[in-house]
Protein chains: 2
Amino acid sequence: MARVSIKSIAEVLGVSTATVSLVLNGKEKEGRVSKDVAEKIRLKAKEMHYEPNNLARGLRMGCSQTIGLIVADISNLFFANLAFHIQEHAEKYGYSVIITNTNESDLKLEKMVNVLKSRQVDGFIIVPTEHGMPYVETLVKRNIPTVLVDRNFAEIKAGAVVVDNYHASAKAVKSLIRQGCRNIGLIIYKSRLQHMRERKRGYIDAITEHGFYNPDFVKEINYSTISNDIPIAIESLLLKENRIDGIFFATNTLSMLGIKQLMNMNRRIPEDLKVVCFDKSDAFDFMDIPIPYIFQPLPEMGRIAVELLVEQIKEPSGERKCVELQASLVNSPVNN
Amino acid sequence: MARVSIKSIAEVLGVSTATVSLVLNGKEKEGRVSKDVAEKIRLKAKEMHYEPNNLARGLRMGCSQTIGLIVADISNLFFANLAFHIQEHAEKYGYSVIITNTNESDLKLEKMVNVLKSRQVDGFIIVPTEHGMPYVETLVKRNIPTVLVDRNFAEIKAGAVVVDNYHASAKAVKSLIRQGCRNIGLIIYKSRLQHMRERKRGYIDAITEHGFYNPDFVKEINYSTISNDIPIAIESLLLKENRIDGIFFATNTLSMLGIKQLMNMNRRIPEDLKVVCFDKSDAFDFMDIPIPYIFQPLPEMGRIAVELLVEQIKEPSGERKCVELQASLVNSPVNN
DNA sequence: CTGAAAGCGCTTACAG
DNA sequence: CTGAAAGCGCTTACAG
């Protein structure tokens, strides 16, 4: 069963491929194709089960109607949700999404950028890795539509949609202070990425403002050795610095493992110490009391990422917008 | 900055595009291209930052090195994990993965099959919807490589990789019986899909074997009204049939919501009643006691799905294998 | 060892 | 209103 192409339809009907193409793309007005020819073509196309070949179309048009999405790890709930919303919106614009993982490796980011480029994606939505700036920069310099999400590189002016991590973090810490915490630990990744730096800065500034800052209370975890590092960090916070009465976890994975460790050590939340987490985890539903967390507007982030990218695709040399969204504090016993 | 193609390299070097293509694809042996010409071409390609155009290649070769993955919902942890492993393996074979969601809608399944077909994917990995069989059947009949995963349609012989849901379910129920449960509820989706039918059948057979079967203990939930149905189902199980001493949850979403409801009603696990869940949820880590659950070998499922698909792509008219994996019971206080 | 040419399926000026 | 033709970038017989 040979593939049915525009040519086969044209031959059967004794018309030119140009006419068939025009009709099948709804451009019969422009080509001013007669109504009956158009009707005949549409019927025959259906009858022959014509299916357009987007590869050929893409080659000819110089665009693929495909978006390349690069995230750290699609099996992480945060990125999975983000990917979901990006996809739903991309679909509305007629784009398909190719999703790839970096697992936070700069090498894989480079590789994935190349893979997606060779697939002629019309644009990139990227959650960059720690030292991934050069690869993103190359894209931007070549005017390839690119939107960063979750983490921005302010130095290069790619498009971006991020959360105001600084104020979100400060908000979290202040809520702990307002609950009476004085010695507040921070569990965060050791990372040069902007969102981590901002979360740390938000924590430090908010705490310093109240005169409670102590560098020993900041524990920086290595992404690659996380399950090992977390218990050590928590133990050190609680045992050595046993005045700790609150902990701010800077990501959902960190909170998951951290809270687990707190439970292992029989610390009760919020009696023994209070916590706030960045991002929700399903697990919070199972806790006896509601766990306060910073809520990032994921559906919005996905939508805006797609919208910014589509704008760039339309006008590759136009200015690239950077959108910052506010995150909210949920489940906190104190008002904001 | 014009795109650099094989042609531009050929022109600069004064050789033919055929030679360039041969060299860049490592087929210089076949074409018996001289070493120095080959070397010159490789150097110039690097120098000009040549990047192959996979669209053109795909059009010419009749394949795209792309796999279409259709899942119910990429933001569900089960599918997100599955997608992760599928991707990692696809990459090894040089395939990219386009992921799309159906949200359990048959209409969207049909649409996504068409979208992916027009993108000339070389094969499909599909988590089918309840009434999605016709769309899958069309693919199979046309000899388009297709592997079903998680849920099989036994009637059509697509390739498939599934878990032995029947025995997994029976195993779960028997573990409850061995712990002394006599009145065991089942919370399951109302669905004609094979995996659900099998899980229900496994439950019924295992329970009947011990003479404890009571149809009132089976609560079938509608996917679309789940957050409403679950509390009602649990309440009805516990209040009307208050001899209930165990519950088997047939999916992770059902267990999440179900256990939450049990906690709302102040039922303690396992003192007041015992539970077993299908699939792990992150939340289990936060429970005071370990929650027993059926573990599906996701990494294996992903790997095998890709392997089966690659086999089919190599030999589209060959026999399509169907692999059934065993799931294990984790965290149960009784041995298996 | 290398080149000229055809063709994958499509769209788009151009000509009539 | 419609057709002939070029060309997107690639690969692959074919010829020499």
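Just so we're clear, the structure is a prediction, and the values are computed from it rather than from any experiment. So that the names make sense, note that chain A is the first sequence line, chain B the second, and so on, each numbered from 1.
The distance from atom CG of Leu22(A) to atom P of dG9(C) is 20 Å, rounded to the nearest whole Å. For the pair Ile6(B) CD1 and dT12(D) P, the interatomic distance rounds to 11 Å; values are reported in whole Å. A straight line from NZ of Lys7(B) to P of dG9(D) spans 8 Å, rounded to a whole angstrom. Going from atom CG of Leu24(A) over to atom C1' of dG9(C) covers 13 Å, rounded to whole Å. Between Gln65(A) atom CD and dC10(C) atom C1' the separation is 14 Å, expressed in whole Å. The distance from atom CZ of Arg57(A) to atom C1' of dC10(D) is 20 Å, rounded to the nearest whole Å. Here dA6(D) presents its P atom at 21 Å from CE of Met61(A), a figure rounded to the nearest Å. Atom P of nucleotide dC1(D) and atom CD of Glu39(A) are separated by 15 Å, given to the nearest angstrom.
Nearest nucleotide to the Thr19(A) side chain, out of dC1(D), dG3(D), dG9(C): dG3(D). Of the candidates dC10(D), dG9(C), dT2(C), the closest approach to any side-chain atom of Val37(B) belongs to dT2(C). Each of dT12(D), dT2(C), dG3(D) was ranked by its minimum atom distance to the side chain of Ala18(B); first place goes to dT12(D). Distance from the side chain of Ser16(A) is smallest for dA4(D) among the nucleotides dA4(D), dG9(C), dT2(C). With dG9(D), dC8(C), dA5(C) as the choices, the nucleotide that has an atom nearest any side-chain atom of Thr17(B) turns out to be dA5(C).
Looking at heavy-atom distances under 4.0 Å, Ser21(B) makes contact with a base. Among the heavy atoms of the strands lying under 4.0 Å from Asn25(A) are primed sugar atoms or P, OP1, OP2 only; no base atom is included.
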Output side-chain donor-acceptor pairs under 3.5 Å for residues 68-85 of chain A, partner residues at least two apart or in another chain, one line each.
residue, atom, partner, partner atom, Å
Asp73(A), OD1, Ser75(A), N, 2.8
Asp73(A), OD1, Ser75(A), OG, 2.7
Asp73(A), OD2, Ser75(A), OG, 3.2
Asn76(A), OD1, Phe78(A), N, 2.7
Asn81(A), ND2, Leu77(A), O, 3.2
His85(A), ND1, Asn81(A), O, 3.0

Please set out all donor-acceptor pairs under 3.5 angstrom arising from side-chain atoms of residues 127-140 of chain A, sequence neighbours excluded.
residue, atom, partner, partner atom, Å
Thr129(A), OG1, Asp106(A), OD1, 2.6
Glu130(A), OE2, Arg192(A), N, 2.8
Thr138(A), OG1, Pro134(A), O, 2.8

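Residues Lys35(B) and Glu39(B) are not paired through a salt bridge, judged by the lack of any N-O separation under 4.0 Å between the basic side chain and the carboxylate. Between Glu311(A) and Lys314(A), none of the side-chain N atoms (NZ, or NE/NH1/NH2) sits under 4.0 Å from a carboxylate O, so this pair counts as no salt bridge.
Taking His195(A) as the reference, Asp150(A), Arg151(A), Asn165(A), Leu193(A), Arg199(A) meet the side-chain contact (heavy atoms from CB on, under 4.5 Å) condition, with sequence neighbours excluded. Lys108(B) is linked by a salt bridge (charged side-chain N to carboxylate O under 4.0 Å, His left out) to Glu88(A), Glu91(A), counting only residues two or more places apart in sequence or in another chain.
Within the structure, salt bridge (Lys or Arg N to Asp or Glu O under 4.0 Å) contacts touching residues 114-128 of chain B (residues at least two apart or in different chains) are Glu51(A)-Lys117(B).
For DNA chain C, each stem of at least three Watson-Crick or G-U pairs (distances under 3.5 Å) is given as range with range: C:1-3 with D:14-16, C:5-12 with D:5-12, C:14-16 with D:1-3.
Annotation: of the two residues near DNA chain C, Asp36(B) and Asn54(A), the 5′-most nearest-nucleotide partner is Asp36(B).
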